[in-house]
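In what follows, a single structure is set out as structure tokens and then discussed.
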2 protein chains.
Amino acid sequence: MLVKLDELDRAIIGALVDDARATYAEIGGQVGLSAPAVKRRVDRLVQQGAITGFTARVEPSALGWTTEAYVELFCRGKTSPAEIGLAVSRHPEVVSACTVTGEADALLHIRATDVRHVEQVIERIAAEPFVTRTKSAIVLTRLIT
Amino acid sequence: MLVKLDELDRAIIGALVDDARATYAEIGGQVGLSAPAVKRRVDRLVQQGAITGFTARVEPSALGWTTEAYVELFCRGKTSPAEIGLAVSRHPEVVSACTVTGEADALLHIRATDVRHVEQVIERIAAEPFVTRTKSAIVLTRLIT
DNA sequence: GCTGAAAGTAGACACCT
DNA sequence: AGGTGTCTACTTTCAGC
């Protein structure tokens with residue numbers, strides 16, 4: 001399901017990434033199309049799956065979640081990705097997770113209120129039966145995104 | 001600038017994260033408020049910085065960006081976070097970057113069209129004068145987000 | 001601080017180019 | 001495929017509670 005996009009589609013996506021609540025007329029003004037034409041393309045992009053949704057960007061630090069960490073997970077012999085996914089999804093502090101090549105089996109991105117909280121989450125995850133070892137890196141400065 | 005939120009604010013933020021193009025009336029229906037009341041709270045949340053914006057979620061794989069990797073950066077003695085940030089921001093494939101505790105100095109998240117493309121980006125970043133070594137992990141399966 | 005009603009605007013749909 | 005017109009519905013402001 002690879003989507004074919006022209007320059008107009010890319011411009012519209014760019015405008016929506018910039019401001020998902022912009023009106024179709026505003027987007028049309030930026031890309032040189034009428035509002036109905038923009039809406040038709042946006043509907044098509046959503047239907048095709050190029051745009052998966054519209055979301056608010058929340059600043060975690062404004063809510064008191066000031067600390068983040070990346071945790072490498074080392075797992076027992078034959079642990080399936082699905083098993084890891086199921087286990088880590090039970091922890092709301094895990095905002096992103098994937099299996100990776102290399103020594104570690106999975107890499108988790110954790111957001112928490114402080115370092116003590118990060119520690120508690122890592123302890124809970126390390127207690128999963130399939131986890132043999134973890135290796136953590138606390139984020140010092142966010143450079144991009 | 002820590003923001004104080006009540007349950008209504010959290011419900012509104014949740015609704016907006018779910019669908020940033022929902023009408024105030026729709027959100028009001030979910031949280032039990034009238035549309036004007038919702039708008040006032042949203043305006044306040046944006047003004048306070050709890051909500052930093054509204055954006056479209058784009059599916060990279062639909063655009064042909066099927067491969068992602070995490071790259072650990074090992075840097076020369078005294079390299080400032082700003083210097084690393086400036087250098088990596090020149091590469092559009094770097095979607096996220098931060099300095100971290102532990103052996104590595106920085107951790108980058110890269111999105112590219114294929115493994116060959118990832119390799120090229122890593123080569124370009126490794127050519128930066130302050131980079132002494134890199135260590136990469138290609139993402140196999142995305143479990144969360 | 002929320003509700004309710006006013007005027008202003010954006011969205012949706014059919015139709016035409 | 002994109003543009004125009006029209007109706008509907010939402011956003012917005014202000015009054016009142």
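Below, chain A is the first sequence line, B the second, and so on; all start at residue 1. Treat the numbers as computed from the prediction; the structure is a model and nothing was measured.
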Problem - Earlier contact from the 5' end, DNA chain C, for A:R40 and A:E26 - result: A:E26

Exercise for the section: Return yes if some donor-acceptor pair links the side-chain N/O of A:T113 with the main-chain N/O of A:G64 below 3.5 Å, else return no. Expected result: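 Absent.
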
Between [atom2] of [N] and [atom1] of [X], the distance in whole Å:
X: A:Y24; N: D:dG2; atom1: OH; atom2: P; result: 15 Å
X: A:K39; N: C:dC13; atom1: NZ; atom2: C1'; result: 10 Å
X: A:R41; N: D:dA1; atom1: CZ; atom2: P; result: 8 Å
X: A:D43; N: D:dA1; atom1: CG; atom2: C1'; result: 15 Å
X: A:I27; N: C:dA10; atom1: CD1; atom2: C1'; result: 12 Å
X: A:L45; N: D:dA1; atom1: CG; atom2: P; result: 12 Å
X: B:F54; N: D:dT11; atom1: CZ; atom2: P; result: 12 Å
X: A:L33; N: D:dG3; atom1: CG; atom2: P; result: 5 Å

Practice task
List the steps and the verdict of side-chain hydrogen bond (donor to acceptor under 3.5 Å, both in side chains) for A:T52 and B:R57.
Solution key: CA-CA 5 Å; A:T52 56; B:R57 284 197 291 101; 3.0 Å; yes

Problem - A:A37 vs A:R21, nearer the 5' end of DNA chain D by closest nucleotide - result: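 Closer to the 5' end of DNA chain D: A:A37.
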
Proximity to the side chain of [X] - top-ranked nucleotide from [options]:
X: B:T23; options: D:dT11, C:dA10, D:dG2; result: D:dT11
X: A:P36; options: C:dG11, D:dT12, D:dT4; result: D:dT4
X: B:S34; options: C:dC2, C:dT3, D:dT11; result: C:dT3

Exercise for the section: Check the pair A:R116 / A:T67 against side-chain hydrogen bond (donor to acceptor under 3.5 Å, both in side chains), numbers first and verdict last. Expected result: CA-CA 10 Å; A:R116 178 80 192 101; A:T67 312; over 6 Å; no

Practice task
Please determine if B:K135 and A:E103 form a salt bridge, counting it only when a charged side-chain N lies under 4.0 Å from a carboxylate O.
Solution key: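 Salt bridge present between B:K135 and A:E103.
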
Handout entry: side-chain contact (heavy atoms from CB on, under 4.5 Å), paired with A:E93, selected from A:I110, A:I122, A:V118
Key =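 Only one option passes, and that is A:I110.
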
Practice task
Give one of base, sugar-phosphate or nothing for B:R44, where a contact means two heavy atoms less than 4.0 Å apart.
Solution key: nothing

